[in-house]
Amino acid sequence: MKKSLIVAVAALALTLTGCSAATEQWNDAPVQRKDDSPAVIYSMPDGFANVASKCDGNGFRMFVTREGTNKGGGKAVAVVADPTCKR
């Protein structure tokens, strides 16, 4: 009986710690400012990853992508000075 109780407590502890991840999807660091404005999407042909760009609010434009259907590519990020981005 003692062994059954230990197993039950261990299972409950694992279940509860697993549920803690449900409150924050990515467990990111605290956020000071969040910009949910839409990005400009550059649509590429099938098999190639699309590219998105967005101003960062400090005079720079960020370009990001992720792997397309051809696996093996990772995320790519570029940040360039852009005079059209508001400061």
Side-chain angles (χ1 to χ4, degrees):
M1 175 157 161
K2 186 176 180 181
K3 191 174 185 179
S4 299
L5 181 61
I6 292 171
V7 170
V9 169
L12 179 63
L14 289 173
T15 301
L16 292 176
T17 56
C19 291
S20 67
T23 60
E24 188 174 346
Q25 185 176 5
W26 303 107
N27 293 325
D28 286 340
V31 176
Q32 179 180 11
R33 180 177 65 98
K34 185 175 180 182
D35 178 4
D36 283 332
S37 64
V40 176
I41 306 295
Y42 303 95
S43 182
M44 301 298 284
D46 288 345
F48 294 91
N50 293 341
V51 177
S53 78
K54 187 172 184 176
C55 290
D56 71 351
N58 295 307
F60 295 92
R61 180 169 295 276
M62 302 174 292
F63 293 89
V64 296
T65 188
R66 62 180 186 169
E67 64 183 292
T69 56
N70 296 331
K71 302 298 181 198
K75 294 181 180 178
V77 178
V79 180
V80 296
D82 185 346
T84 64
C85 292
K86 296 178 184 177
R87 287 188 178 193

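Just so it is clear, the model here is predicted, and its values are computed rather than measured.
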> Quick one: OG1 on Thr65 to CZ on Phe48, what's the gap to the nearest 0.5 Å?
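One finds 11.5 Å between OG1 of Thr65 and CZ of Phe48.
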> Would you compute the distance between atom CZ of Arg33 and atom CG of Asp56 and round it to the nearest 0.5 angstrom?
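It comes to 7.5 Å.
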> Cut-off 3.5 Å, no hydrogens considered: what does the side-chain donor-acceptor table look like for residues 37-44, sequence neighbours left out?
from, atom 1, to, atom 2, distance (Å)
Ser37, OG, Asp35, OD1, 2.7
Ser37, OG, Asp35, OD2, 3.3
Tyr42, OH, Ser53, OG, 3.3

> Give me the atom names and distance for the closest heavy-atom approach of Lys54 to Asp36.
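Heavy atoms of Lys54 and Asp36 come nearest at NZ-C, 4.1 Å.
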> Hydrophobic clusters join Ile, Leu, Val, Met, Phe, Trp and Tyr when side-chain heavy atoms are under 4.5 Å apart, directly or via other members; which others share one with Phe60?
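So far as hydrophobic clustering goes, Phe60 is joined with Met62, Val64, Val77, Val79.
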